[in-house]
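All residue numbers refer to positions in the sequence shown, counting from 1.
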Amino acid sequence: MSDPRLEQADRTNDFAFKIGTVNGTGSASANGLIMQAIFRMGIPCTGKNVFPSNIQGLPTWYEIRVSHEGYSARTPEFDLIVAMNPATYERDIAEVRPGGYLLHDSSWPMAKEFLRDDITFLGVPLGEMCVREFKGARVRILMKNIAYAGALAALLSMDLDVIRGMIQEKFAAKPKLIGSNYKAIELGYDYAMEHFDCPLPIRLQTMDATADHVLMDGNTSAALGCVFAGATVGAWYPITPSTSLMDAFKRFCERFRKDKETGERSFFIAQAEDELAAAGVVIGAGWAGARAFTPTSGPGISLMSEFIGLAYYAEIPAVFVDVQRVGPSTGMPTRTQQGDLAAVAYASHGDTKHIALFPANPEESFHMAVEAFDLAERFQTPVFLVQDLDIGMNDWMIPKLSWDDGFVPDRGKVLGAAELEKIEKFYRYMDVDGDGIPYRSLPGVHPKGAYFTRGSGHTSRGTYTEDADEYTEVMDRLRTKIDSAAGEVPAPAVQMRDGATMSLVTIGSCDGAVREAADLLERQGLPVNFLRVRGFPFDTLVREFLDAHELNFVVEQNRDAQLRRLLVTETEVDPARLHSVLDYGGFPLSAAFVAGEVNEHLGRAPEEMKVRPAAERPEGAVA
C-alpha cells in the first residue's frame, strides 16, 4: 500500500484527522455520524467545526481528535485528512504530517503538483460509485458523504454495528432512507477493505472511557442551564455564534414549560429588532421580577452597553451570555477568540464593573448559567456568562450533567407584601445591612414598595440628585457591592506540581490546551503549576497564586493581553511576574503552541525539551 519508510508506529486511539468538504453539501451529518460512532465505541474524542460565515459554497472542515488519555484540545497536526473539496487540495495536503494519509475521491486524477512523497494517498472513486448506485444529483452528493464515512470505517477499524445502529436511530421515522445509507456505507467500506491494508496504524480500538459521558455543545448546555435556573424570559437578536443558544432554549421551553393539555406556555421569547432592544426587554423583565437573559456576541455587547450601564446603576438583575467570536467590528463571525474580556468587565460608559463567569467547557456552561442568575439577583446587577465559539458551537465530551433536585433559586433581598407592610418607609437604594446590597421590591406587590427607577443621579433614598456627596455615596456603595462578589464567584481551578516555580494562567476554553501543555512541559523536565480564572472580580486566591511564582505565563486568545491587563489592574500584581502567551488567529488553542511559546521565552535548548524517561522526571511528574 505504501512505502515502508512512511509506515507509522501503532497509534491506536491516539491521532487526529480532518475532513475537508464544501459548506452546504450535507457533510455535517456524515461527520456527526463518524464522531458519535467513535464515542459509542467508548473512546474519548472531540470535534471542531471550521466553517465559513456564508450559507454555502465555501470550504468547511471538521476536525476530530481521538485521545485515549482524554485530551480535548485541538491539534495543529493531522495524521489523516479526508479531502473532498478540490478547491482546498493544496492546503489539505500540506497539513498532513509526514508519514500520514490523504483520503480523496479518485474519480478524477490528482494533479501531480499536489503529490508528496512523504505521505500515502488513498484514492477511492466515491463519485463514480455514487453515480452508479444512486439517482438524483442531491442524493448522490449526500451519499458520497456517507460513502467516505464507510471508507473511514475500514481504514480506522470503526465498529460497523455501531454505525448501522446509529443509522437506524436517525432514520427511524423515515425507514426508506435506511437502505440507501447502508448501501453508501458498504460502498466505501468494501472498496477500502479490498484495495488498502486495513486498518491503518492509526486505528480505533474499543474502550470503556465514555461511560456516563455525553457529547454536547456549550450553547445547548447553557440554554439548559437557563431553564433549570428558572429563566422564563429570553430576548435576543440573531448573531453568530450565539443564535443556537436561544434556539435550544426555545426547544427546551416547548418541552418543559408548555402545558400538555391546554398548550399554555409559561415562558416568553422575543426576537427584538436589535441588540439594544433585546437588552431592554431583559432588563424590564428583571425589574418586574422574572429571571431573564439575552445571548449575544461581541458586537451585541457593544450595542447593549448603554442599557448595561442602566442595569448596573439602577441595580436590576439581568444575565448576558456572551459567546465570543473574532473581532473587532464584524471580524470573522465563525472563528473563536477571547476578545471581550475587558469589555464585559467594565461594559458601558462611566465607572462600571461587572460580575462575569468563565466556563471552560459545556459542563461548566450548564452549571455557571444557573449560578449567573443567582448572582444577578443576589447582587442586583448584570452578570455575564462568557464563553466562546469553541465552547458554544463545537462538540465536547463531558460527564453527564448532574442536578440537585433540592435547588432553590437565590432571589436575593426581595421584600414581600408582609415585610413591606411592617416597615415605615421603603428606600430602594439604602444600604441597611452594611454589605452594599440594598433591598428591592417588585412592582404590584405592595404600595409601600413603589419607587422611581432611574438611571440619572440618585440618592440612597431613590430621589434625584446632582449633589456630589449624595452621588458618590451611591457609587461607592456600588463598588463595595461588586467587589464583595469576588468571594461568591466560582473559585479558580488550580493544579500544583512538585518542584514548580513557574505557572500557566489561563481562562475559558484554553483550559484543555493549557493543561495538556503543562503535562508536556513536565515530560520535558519543566514542571509548571496551573491556574484557570473562573470568575470576576478576582478572588484573593488569584493574587496569592501569582505572587507565589517567579514567572506566570498568561495564556489567552486575544491580541491585547486582556486577561493579563485585568490581572495587573485588579490584583496590583507586579507586571514583571506576568508574561503573555497570545494566540488570536481564530482557531482553538493547541498544547503544542503553548509549550512552544514557553520554551522559546525561556530559551531552552532542543536537548532540554526532549521527553525524559519516567525515572529522570521530578517526583510527582505526569507520565
Side-chain angles (χ1 to χ4, degrees), residues 324 337-347 351-360 375 384 386 388 436 476 478-511 513-515 517-518 521-522 526-584 589 593-595 597-604:
Q324 299 170 99
Q337 203 176 70
Q338 296 173 325
D340 300 346
L341 303 183
V344 299
Y346 309 115
D351 292 321
T352 58
K353 185 175 178 179
H354 305 294
I355 298 170
L357 310 181
F358 305 99
L375 289 168
F384 292 85
V386 187
D388 56 37
D476 290 346
L478 286 171
R479 179 174 58 189
T480 298
K481 180 180 76 170
I482 299 301
D483 285 347
S484 71
E488 302 296 326
V489 300
V494 176
Q495 184 182 48
M496 307 297 287
R497 297 171 187 254
D498 293 339
T501 60
M502 292 178 283
S503 82
L504 298 175
V505 177
T506 194
I507 194 168
S509 65
C510 295
D511 178 85
V514 177
R515 286 182 185 271
L521 289 167
E522 188 154 39
L526 181 65
V528 291
N529 291 328
F530 168 89
L531 180 142
R532 173 170 57 87
V533 170
R534 301 175 69 226
F536 180 84
F538 300 129
D539 184 90
T540 55
L541 179 61
V542 175
R543 170 63 189 268
E544 293 169 0
F545 182 93
L546 298 175
D547 285 340
H549 296 85
E550 60 187 35
L551 183 60
N552 301 276
F553 291 92
V554 184
V555 185
E556 53 187 308
Q557 291 201 278
N558 57 73
R559 184 196 68 181
D560 294 339
Q562 294 181 30
L563 175 58
R564 182 184 182 277
R565 286 162 52 195
L566 286 174
L567 290 169
V568 171
T569 300
E570 296 291 334
T571 71
E572 299 182 349
V573 65
D574 181 0
R577 291 180 179 270
L578 307 181
H579 177 78
S580 289
V581 175
L582 307 174
D583 180 28
Y584 48 90
L589 188 67
F593 174 82
V594 176
E597 291 291 298
V598 170
N599 284 323
E600 180 179 352
H601 180 75
L602 298 177
R604 302 182 77 202

Pair Phe384, Phe536 - check side-chain contact (heavy atoms from CB on, under 4.5 Å), show working. CA-CA 10 Å; Phe384 292 85; Phe536 180 84; over 6 Å; no
Please determine whether the number of non-hydrogen atoms from other residues, nucleotides or ligands lying under 6.0 Å from atom CZ of Arg559 exceeds 12. no
Backbone N/O of Leu341 and side chain of Gln562: donor-acceptor pair under 3.5 Å: yes
Just by modelled atom types, is the Ala343 backbone N or O under 3.5 Å from a matching donor or acceptor in the Asp340 side chain? no
Do you know which of Leu546, Val542, Leu541 makes side chain to side chain contact (heavy atoms under 4.5 Å, CB included) with Glu544? Leu541
Kindly state each residue pair satisfying ring-ring contact (aromatic ring centres under 6.0 Å, His included) with at least one member in residues 552-572, sequence neighbours excluded. Phe553-His579, Phe553-His601
From His549, Gln495, Arg497, residue fulfilling side-chain hydrogen bond (donor to acceptor under 3.5 Å, both in side chains) relative to Asn529: His549
Per-pair distances, 0.1 Å, donor-acceptor, side chain in residues 485-494, under 3.5 Å, sequence neighbours excluded:
residue : atom : partner : partner atom : Å
Glu488  : OE1  : Arg378  : NH1          : 3.1

Would you call Glu570 and Arg565 a salt bridge, using N to O less than 4.0 angstrom? no
Side chain to side chain contact (heavy atoms under 4.5 Å, CB included), paired with Leu578, selected from Asn552, Val505, Leu551: Asn552
Taking the basic N atoms (NZ, or NE/NH1/NH2) and the acidic carboxylate oxygens, is any pair closer than 4.0 Å for Lys353 and Asp483? yes
Give a yes or no answer on whether the side chain of Gln337 reaches the backbone of Gln557 with a donor-acceptor pair at less than 3.5 Å. no
